Amino acid sequence: MSVGSFTSLFYFDIGAFLFFTMAIAWRKSLFGQVRLLRANAIALFLLGLLSGIYAKDAALIGLSIVILLVRAYGIPTIIARAIPHSGDQWESTRVVNTTASILIVAAITAFAYILTEPLVALNPTKRIASLPVGVSALLIAVFLIVTRRRIATQLIAFALFDNAISACAFVLTEGVPLVVESGALLDVLLLIFVLVALASNMRSQTQSMDIAELRELHE
Amino acid sequence: MISSQITNPKAVESDQIKKRFDPMGRFFVIMICTLSALVAISATTIALLAITRPPWHGSTNLFLAIYGLKLATDPLSGVFLLISGSLGVMVIPHLYGYLRRNHLPTTTVIAIPIFIFTMALVPLANSTPTFFFFWELMALASVPLVAAHPNDQSGRRATFVYLAMTQLGAMAILVALAIISASHPGTPLAGLSALSSRDSNTLRSLAFLLALIGFGSKAGIVPFHIWLPKAHPQAPGPASALMSGAMVSLGIYGIIRFCILSLGTGAKWWAITLIVFGSITAIYGILQASVNKDLKVLLAYSTAENMGLALIAIGLFQLFRILHLPNLAAEALGAGVLILVAHGLFKGLAFLVAGSIQSEIGITDLDQLGGLAKIMPVSTVGFGIAALSASGLPFGSAFIGEWLLLQTIIHLPRDIGSLVLIGPIALGVVALTAGLSVLTMVKAFGIGFLGTPRSKRAGEAHESSTTMSTSIIALMIANLGLAFDPGVINFVILHLSESISGVYPRIALGSRISITTTSSAIFPSIGAALFIVGAIAIYLIRRFTASKRPQPLDEIRWGCGAKELTPKMQYTATSFAEPLERIFSDILVPRRDIETDAFDSLDLIVKRIDLRESPHDAIETALWNRLARALDLVASQFRRFHNGSLIRYLMLGGLGFAVVMVVTH
Amino acid sequence: MSYLSLILQITLIVVISPLIGQLMIKIKSKAEGRRGPSLLQGVRELGKLLKKGEINPIGTGSAFALAPAIYLVSTLVLSAIIPLIALKLPGSSNYDLFWVVGILLIGTIALGLGGLDTATAFGGMGASRELMVAALIEPSILMAIYALSIRANSSNIFKIVHATLSNPQQIASPQSALALIGLVIVVVAEAGRIPIDNPSTHLELTMIHEAMVLEVNGPKLAMVKLASSMRLVILIGLVVNLFFPIGISYSTSSVGSIILGIVALVIKVSLLAGLLAFVEVFLAKLRLFRVPELLAGSFVFGFLAVTASYFLPVIKA
Amino acid sequence: MTNSINQQLHQITSGISVIRSSEATDSDSLLGRVAFYLNEGYRLSLVCAKPLPQTILVTYCLVGKNPDRRHEIQLEVKRERPELPSLAKISFSASRFEREMADLYGIIPLNHPLPKRLVRHGHWPEEWYPMISSQEKPKFESDRQVGYPFQEVAGSGIYEIPVGPIHAGMIEPGHFRFFALGETVIRLRIRLWFLHKGLEKLFVGKTPAEAITLAEKISGDTSFGHSLAMTMAIEDALGITVPTRVASARAILLEAERIYNHIGDIGALANDVGFSWGNAIALDLKEEMMRLNSSLTQSRLLRGTLGVGTVKISDHLDLIGIDRIASKFEELIEILTNHSMVRDRFHGTAILGVAQAKEMGCLGVVARASGIEVDARIDHPFMTIGPTASTLETGDVNSRFLQRVNEIRASVSYIRELARFLRVEEPIAQVSTPPRESGFSLVEGWRGTIAHRVEIKDGIITNAKIVDPSWFNWPSLPIAMTNTIVPDFPLVNKSFNLSYSGNDL
């Protein structure tokens, strides 16, 4: 694989990664969000795979396959369980409305460029140039955690946050040490289990997780 | 002399009758107009000389005992003198017609020539005291223009707000000037440039901010814009035209002269501050314009929008100077100047038409106008051209300036780091502004001039007098001239840019406008020619096929089977604004109140519904009213020290001025 | 020869646009399991309208009378100033993309003013909605132009297409992809297709474009209908040539290359139009106040395209 | 005057009985009597008038559920000065019946808060009342334009959108006047009754068989519902009890009508949000259902099947066909409910609150979508088994859509249950109680509860009153539209899908 085509593919893939992240901020259907999370994780997997093939690093390829299994299959499947299958599967209420969310996401991206400028300037390689994309995915995930009310979306945002960290790692280095990565994975899994338990607990206590839903009506 | 804010129709009616029978003396009006014309013509002449000839300066000790009166010309002052002078010349016939038809307080009428005179002197001032003297004089001369309806509550309030903002601005300018001249006593303004960079940065930054506030309040920069929508509906049409087209631009002159040239290159954040304020002003101004339904208020907000755009251009100019990109800087300055020149022409035209409507109908509320196209054809075409220009569309005079601004933005160099983000952000602002101004102008033109009259008085109106139409036609020609051949002011851009940046901009202005290094070009005449060819083709086809069709019929409009459509069934200006109010509700914070008188508790059998929609300025409500209340609280402690008289305020201002002068000397 | 190709280009657009419009209807019908009208139905309808006598609604003025003509002329002008079949047309060095957008808006405005001039609720309502969409599209469309012009260092539309053609690898970049998505949304909105507007509805209260022209009849309606379908074809043609200018004629000197340009354009436009129609089947119309969400989305795509163009290094293969 | 209340038990079908009672009262105690029954949980389902030589006899039909109770209050007003006290204070629906009677019979409701004309056309002569005058038809001046006095919304910036009576779509005449501010509807006013057919008068003088056929034309899409209601009213008057087999066949056909209309509505809802694919599927299904109807009754619209005490139905009920339709229908619903754009248009649009719906006396799908349990199949049954009851709470377009979905599902399983009664062999219909002067019936048509009341003398109908559920539901549409946006109106209107023809008799 030539440098040019590797970089081009790498950019595309990380662009797709960012696209799916942003689309989660847009989408209202919770199952749709989970699907986007899967797509996001697949983009992450491809990021690792590409780097692995380019660097001819078998460990990296192996790591990306682990990512595919855990992040694209495992975690989304668990999160999907937290969504009430019979009740409301839509995220109608948001602290920030959709249009504003979209524009804020754009602002976050711009901010990520400013934030990472000194880092990129330190080592201006072509791959590092896409660091802002990873950082903006990170910030978007934080934004989602802060502004979303549904537990499921918060879980998704959390998983997204984790994916973004990995993406940044792929951009910055040739891949993270396997141990660190697996440790992080376990952490996240643990947390998600806790949150799922919390969510189902909450659901049983209060029938509706989204009481303020009626406010949307006069829009 | 009727303001749109008067709600009692009977009062309006009797006022109308009184106005018709109580015109001002012919001799007096002729005298005033001649005087104004003389001032305007000489201002224009001096402007042309100032731009093309080498700088001139002179001084006299006649007026100000301490420093003497110092005057000078350079291309920058020439540009602004040209804007006010040429607009003044074109406005005079309308002024004559307006004064012949409407009764105004004598002070207001006398203030007009003085106002034009002082506007001409401000850019000519060559020392800080001289400048401040003329600036204050201009501010004071403009107050009686706003106070044209002293008996009306909203008129008094407008005058008060205008006076307050003017004096607030003047105070800020005073301190800024004091700081500037303290470090360089006696230096002429034209020579101040780049001298100040050795001064302390904190002090310079303070001076920059104060000057920005002071001049920004004159230019209607948000949040200091609140006087614009209040003062303009009060002032007579021609005076509004001058205030909006020329005086407001002098605020930008002040920013260029002091914030950029006198204070030296400055820090990057200065430039960013200018761009941010410009962006906020442009978007907030056009948003308010798009939701307001009074024609003059709408135009006033649109003035703020245009000043915001000009400020963006000036901010880019400053930024490029700091980044040592003289060519781009020259382009940005050229864009800013073109925006200001075009704004003077189209806003002057729009306000003159609004003045004609004010004079002939007495209402400027769009929801009570309509159908003027059939009864006021000249004014309608005039407003159409003004609206086309204000929308920033091809074939309008503002397009060139906005296009140059966009070109400046998209040719940002790649190697300036995160600053490059200014490009997409500024472009987004300019684009949103352009889009909304299209909507605003279509609303103003479509609701106000097309369709059928929404009120009896609008239906009974006539075209304004020939003299008034003369001004409108002159400005129409000027606008079209600038739109199709901006080459007429090419020399302005060239001289200005050479005198400020020392380089010629790469803009080639002519009937073909291009940026020489980038192969971006537009050619309005070719576009117009294509339109004409297309129109002829369609006309010919229609003529050719007409014989094959049945004769055209006149039929009533589609009313879904109902026989008549009433004027209430046409769209209103408030309605046009409503979707935007919804979309931008976070910024505009709309207020609506529905009162229902129902027979039962569930509103099933309703006897009466009343809706009250109150457009308001969210910034005014949130910021200034709160500030005013807080001040009021403080002021109540000191109430016995002053009685609110104008003279005492001015005396205080003068005292402060004298103190600062003595201290800094 | 270059004037001939200009005339060819305009004629081509006039001729194919009713067919393309009908093709979209046909594809939609087929996808829904209906047979759909013949491809020539659009032409027949235009012919029928042209034969009809005009009805002048009482109370309307010259704005109403002129609006359809200005709309059509602006569209004809559009078809003369963008590179559809050839890279060199008379005056092509003056055709800036911002200018093109302005011409597009002039047509919209003319129709909006015509709607307001009818002094009916529908005319005004349609005008208000159309202009609201137009005003909110403006940032997206200019941002997409910005992204494209960085590539060519010029906003001249012919130069942009030329730059793409001479360096096709640039297309395969995230910034191009983002700009493309943004522009496609813009095209859908500008042409009044689902999910923004439903061109096939007859419910006067939900219409945008059709409400504006409710009073327009006879030959004038033919003008509006023709111009609307031309605008769709022009916009689609513009997008395909900005991103996939394959087949466009480099010069206007050879007849063969012009014919190739024509064939390529027809194929490309039919494909994209067909794709749009097919996707439409699975979409519903957005609630009016959700439209800004979509347009904000397209703005963000343009914004990201611009930032990506600045920050991602240029890749040269 | 003292009220003497007669009470009796009556059988509709073998095994199903109702308690009916009646009383006569005077204008002083009318308000009190009606208020008493309303407090008892009855609702006003029908008010009719009958001109007699000296007086006009006004009958208020109140119905209660659990058990099925029907009570009639009768009041005589003088021919020369017809007046009665308005019940507007206690019943919104009464206020509208009063306006109708004022227009058609000239009975003046005293103290009515809104005594505007309702049914009356602007060009009818002043003193001419179509239901009363025995004189010749007056000459109508077709050119006389009398605008309907809509209550305007005051305030600057409001504009009016006049829509109808001629619409772009092929629907019946109705004028909608929107008082709007931009896209927001401040108030909607509806003017219906553009085509007064004089239908109630047409029934007079008909034989029962003719009346049943005529009733099919009351509202084309409710052919079976209305003719069943007419049949049952006649049977009620004649004291006829029908066997369970006939009743179950009737119930099946009623559900068949419900299914094809609801499917059509669901498709139309999809179409109104621009989702034409959904509509295409629904139209396909509707066609299939109508063919099934045709195989059952020789009529796609289920016409010509009913007679007094009988019903004509094919022996073979195609349950497999119904199952096929049901499974295809589930696929359609899967598509529609998972489509985020469709969901966005439906969800939260035009909410009809429970309190308002209740006060207006809403019926059928509209009422049940707003959480009101009202269903004649359960409250006033004519079949021993009823369908599963279901209501939703929100009252928006989405719940009216889902309510239709749920009802189709319930109908399908109800038909399966009913099918076994078809094979029950029983004697033919018989006269079980002595014939009376009047008959009254309540039938849950697909829109809601249809009420018919007939009077029969010597085998000839002497008076008829028809109340389509749309009569009660029309006023709720403007209430739901308040503060909704203008472009959502077609969708909202379709979610109510009220009958013009059934309303404008």
Side-chain angles (χ1 to χ4, degrees), chain B residues 370 373-374 393-394 399 403 406-407 410-411 414 420-421 423-424 427-428 431-432 434-436 438-439 442 445-447 450-452 512 518-523 526-527 530-531 534-535 538 542 545 548-558 565 567 569-571 575-576 579-580 582-583, chain C residues 50-59 61-63 69 72-73 76-77 80 91 93-94 96 98-99 102-103 105-106 109 112-113 116-121 124-125 127-128 131-132 134-139 142-143 146 149-150 153-156 159 214-215 219 289 292 299 303 306-307 310:
Chain B
K374 284 165 206 134
L393 287 172
F399 182 73
W403 183 74
L406 290 174
Q407 291 296 329
I410 66 170
H411 287 119
R414 295 172 66 102
V420 126
L421 282 172
L427 187 116
L432 184 61
L436 289 173
V438 166
L439 183 133
V442 167
F445 186 69
I447 304 279
L450 304 180
T452 53
R512 179 176 190 267
T518 62
S519 76
S520 297
I522 49 172
F523 204 151
I526 284 192
L530 284 172
F531 262 84
I538 288 178
R542 277 178 64 90
T545 53
K548 292 175 185 163
R549 285 195 297 270
Q551 283 295 307
L553 293 172
D554 285 346
E555 257 300 340
I556 52 166
R557 288 162 292 161
W558 172 239
L565 291 172
M569 291 174 189
Q570 52 184 335
Y571 220 59
S575 292
F576 222 98
L580 285 178
R582 272 172 176 261
I583 296 169
Chain C
L50 282 172
K51 271 185 239 147
K52 281 190 169 181
E54 261 174 54
I55 292 171
N56 302 319
I58 295 166
S62 43
L72 180 57
V73 171
L76 286 170
V77 171
S93 64
N94 305 313
D96 191 90
F98 294 116
W99 172 266
I103 301 288
L105 266 177
I106 283 180
I109 289 168
L113 288 176
L116 283 169
D117 199 29
T118 58
T120 59
M125 210 155 60
S128 160
L131 279 151
M132 184 191 87
L136 296 177
I137 286 179
E138 189 87 349
L142 293 197
M143 201 58 86
Y146 187 3
S149 64
I150 293 172
N153 193 30
S154 168
S155 53
N156 181 295
K159 290 272 171 1
L214 205 64
E215 292 289 334
F289 288 102
F299 171 77
F303 182 84
V306 171
T307 42
Y310 275 126

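By convention in this document, chain letters (A, B, ...) are assigned in the order of the sequence lines, proteins followed by strands, and residues within each chain are numbered from 1. The shown structure was predicted, so the numbers you read here are calculated from the model rather than taken from an experiment.
Asn94(C) contributes no side-chain N or O that, together with a main-chain N or O of Ile522(B), makes up a donor-acceptor pair within less than 3.5 Å. Glu138(C) places no side-chain N or O within donor-acceptor distance of the main-chain N or O of Leu436(B), the cut-off being under 3.5 Å.
Only the side chain of Leu76(C) comes within less than 4.5 Å of a heavy atom in chain B; its backbone stays farther off. With a threshold of 4.5 angstrom between heavy atoms, Leu214(C) approaches chain B through side-chain atoms but not through N, CA, C or O. Interface remark: Leu432(B) contributes backbone and side-chain atoms alike to the contact with chain C (heavy atom separation under 4.5 Å). Only the side chain of Ile538(B) comes within contact range of chain C, with at least one heavy atom under 4.5 Å from a heavy atom of that chain. Interface residue Lys159(C): only side-chain heavy atoms are found under 4.5 Å from chain B. Looking at Ile103(C), the atoms closer than 4.5 Å to chain B (heavy atoms on both sides) sit in the backbone and in the side chain alike. With a threshold of 4.5 angstrom between heavy atoms, Trp403(B) approaches chain C through side-chain atoms but not through N, CA, C or O. Interface remark: Ile150(C) contributes side-chain atoms only to the contact with chain B (heavy atom separation under 4.5 Å).
In this structure, the separation between CD1 on Ile109(C) and CG on Leu393(B) is 4.5 Å, given to the nearest 0.5 Å. Separating the CD atom in Glu215(C) from the CH2 atom in Trp558(B) is a distance of 9.5 Å, to the nearest 0.5 Å. Atoms CG and CD, from Asn56(C) and Glu555(B) in turn, are 10.5 Å apart once rounded to the nearest 0.5 Å.
Residues Leu50(C) and Thr545(B) form no side-chain contact, since every pair of their non-hydrogen atoms from C-beta on lies 4.5 Å or further apart. Counting heavy atoms from C-beta outward, Trp99(C) and Phe523(B) have side chains that stay 4.5 Å or more apart. Between Phe576(B) and Leu116(C), the closest side-chain pair of non-hydrogen atoms falls below 4.5 Å.
Within 6.0 Å of atom NZ in Lys52(C), 12 or fewer heavy atoms from other residues, nucleotides or ligands are found, so the atom counts as exposed in its surroundings.
The candidate from Thr120(C), Val306(C), Ile106(C) with the greatest count of non-hydrogen atom pairs under 4.5 Å with chain B is Thr120(C). The choice from Ala127(C), Gly124(C), Ala119(C) that makes the most heavy-atom pairs within less than 4.5 Å of chain B is Ala119(C). Contact tally against chain C (heavy-atom pairs below 4.5 Å) for Gln570(B), Lys548(B), Gln551(B), His411(B): the top residue is Gln570(B). For the set Thr452(B), Leu421(B), Val442(B), the count of heavy-atom pairs under 4.5 angstrom toward chain C peaks at Val442(B). With chain C as the partner, the residue from Gly534(B), Ala373(B), Ser575(B), Pro394(B) showing the most heavy-atom pairs under 4.5 Å is Pro394(B). Residue with the most contacts toward chain B among Ala63(C), Pro57(C), Pro139(C): Pro139(C) (heavy-atom pairs, distance under 4.5 Å). Of the listed residues (Leu427(B), Leu530(B), Thr518(B)), the one with the most heavy-atom contacts under 4.5 Å to chain C is Leu427(B). When the candidates Gly370(B), Ala535(B), Gly423(B) are compared by the number of heavy-atom contacts under 4.5 Å with chain C, Gly423(B) comes out ahead. Options Ser519(B), Ala434(B), Gly428(B) differ in how many heavy-atom pairs under 4.5 Å they form with chain C, and the most are formed by Ser519(B). When each of Ala134(C), Ser93(C), Ser62(C) is checked for heavy-atom pairs under 4.5 Å with chain B, Ser93(C) comes out on top.
Residues forming a side-chain contact (heavy atoms from CB on, under 4.5 Å) with Ser155(C) (at least two apart in sequence, or on another chain): Gln407(B), Ile410(B), Ser520(B), Asp96(C), Phe98(C), Ser149(C). Residues meeting the salt bridge (charged side-chain N to carboxylate O under 4.0 Å, His left out) test with Arg542(B), sequence neighbours left out: Glu54(C).
Summarising the geometry of Thr307(C) relative to Pro424(B), their closest heavy-atom pair is CG2-CG, 4.3 Å, with the distance given to 0.1 Å.
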